[in-house]
Amino acid sequence: MQFTLNPPSPISLYSVIHSHGWFQLVPFEILDDGQGLAYTMQLAAGRVTRFEVSAVDNLIQISTSNDLPADEEAEVRKSVRWMLSMDSNLEDFYEAAKDEPRLQKAIQKGAGRILRSPSLFEDVVKTILTTNTLWNATKSMTRKLVSAYGTAHPHDPNLHAFPKPEAVASVSEEELKETVRVGYRAPFIAELARRIADGSLDLEGLRTSQLPSKELRAEFLKIKGLGPYAAANLLMLLGRYDFLPIDSWALKMVSLEWHNGAPVKPADVEKAFSRWGNFKGLAYWLWDWTSNP
DNA sequence: GGTAGACCTGGACGC
DNA sequence: GCGTCCAGGTCTACC
């Protein structure tokens, strides 16, 4: 079945999809033309569906692999809206950035909306899987986690939804290490899943939290496996741009951009983007580093 | 508050 | 084919 979403403001689907590497992590898929996205999702009632998202005229078109009752169609609509950050308002950032040469490409592309998963659990787990490892390993661990513990699509056993916390909580740390090859991250992921499953952590509640970013960051830092980089990355996904996700790449880029390749510290990255205030994360995220190697 | 060392995996490299 | 080294954030212990 097919239906459309009407964005509240112009949206570049391509820019959202390519806002970061999430589209390379299952159950995301990139469509053959590179312009659209597919995602396999387990809906609240348990059904697994795969839907494709593409841009048609000024609308976002969604095609699902199977017919859905009205309540599940509404669930997919709501999820896609969230995944594409459709309700983010970037006008103030664009106004602030209009005279910055390093941000002109981003503005011209309509970039700034960040692709995210339907659940914060998925985004937190994936963020943990990006830490202290290389991107190929992140892709591998995610693929193994999804194929081992995610519910399969009824018509295509090769497609799996991202596992629910309950499914991960039922797995021992040893099995996670063995099956998913997550190494020392196993206890972090297992504990996170257990706390959500037993109700002691309302992670999804943080998605719409009204807490100030500093306090929301503190909530993320309480989760084992999430440090300053991961917390800032998650804040970015939630549309909070006032903390910088500083990793080794950020240090390298800032070093090349402003320090002639000399070693820099996180404080130097902070200083480089401090003038952007509450938009500094977005300015960093969208910065055009192309003159650097 | 700052720092050092350990934690794991997979890929690159040398032999 | 085997062994060694390295990259990548976070945690814990220690000062």
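Taking atom CG on A/L192 and atom P on C/dT10, their separation rounds to 15 Å, with Å as the unit. Taking atom OH of residue A/Y229 and atom C1' of nucleotide C/dA7, one finds them 14 Å apart after rounding to whole Å. One atom, CD of A/E191, and another, C1' of C/dT10, lie 14 Å apart when rounded to the nearest Å. Distance A/L129 CG to C/dT10 C1': 14 Å, rounded to the nearest Å. One can place CG of A/N233 at 14 Å from C1' of C/dT10, the figure rounded to the nearest angstrom. One atom, CD1 of A/I223, and another, P of C/dG9, lie 19 Å apart when rounded to the nearest Å. B/dG11 atom P lies 11 Å from atom CE of A/M141, rounded to whole Å. Rounded to an integer number of Å, the gap from CH2 of A/W135 to P of B/dG11 is 15 Å.
The residue from A/Y39, A/F51, A/F162 that alone fulfils the ring-ring contact (aromatic ring centres under 6.0 Å, His included) condition with A/F28 is A/Y39.
For the atom pair CG of A/L115 and CG of A/L25, the computed distance is 9.5 Å after rounding to the nearest 0.5 Å.
Within the nucleic acid shown, A/L226 comes within 4.0 Å of sugar-phosphate atoms alone, with no base atom in reach, counting heavy atoms only. Among the heavy atoms of the strands, none lies under 4.0 Å from A/K265. Residue contacts for A/D247: at a heavy-atom cut-off of 4.0 Å it reaches the sugar-phosphate backbone alone, with no base atom in range.
Ring geometry for A/W258 against A/W287 counts as tilted: the plane angle lies between 30° and 60°, on a 0 to 90° scale.
With respect to the salt-bridge test (charged N to carboxylate O, under 4.0 angstrom), the residues A/K177 and A/E173 do not qualify.
Within the structure, a side-chain polar atom (N or O) of A/R181 is placed less than 4.0 Å from OP1 or OP2 of B/dG10. For C/dG8, the OP1/OP2 oxygens have a side-chain nitrogen or oxygen of A/S248 closer than 4.0 Å. Applying the 4.0 Å criterion to OP1 and OP2 of B/dC7, one finds that A/K177 has every side-chain N and O outside that range.
You'll find that the side chain of A/K224 is closest to C/dT12, out of C/dT12, C/dG8, C/dT10. Comparing atom distances between the A/L134 side chain and each of C/dG8, B/dC8, C/dT10 picks out C/dG8 as nearest. Set against B/dC7, B/dG10, C/dT10, the side chain of A/N132 has B/dC7 as its closest nucleotide.
With hydrogens and angles left out, the side chain of A/Y184 and the base of C/dG9 share a donor-acceptor pair within 3.5 Å.
For A/R116 and A/W22, the positive end is not near the middle of the six-membered ring at less than 6.0 Å and at most 45° from its axis.
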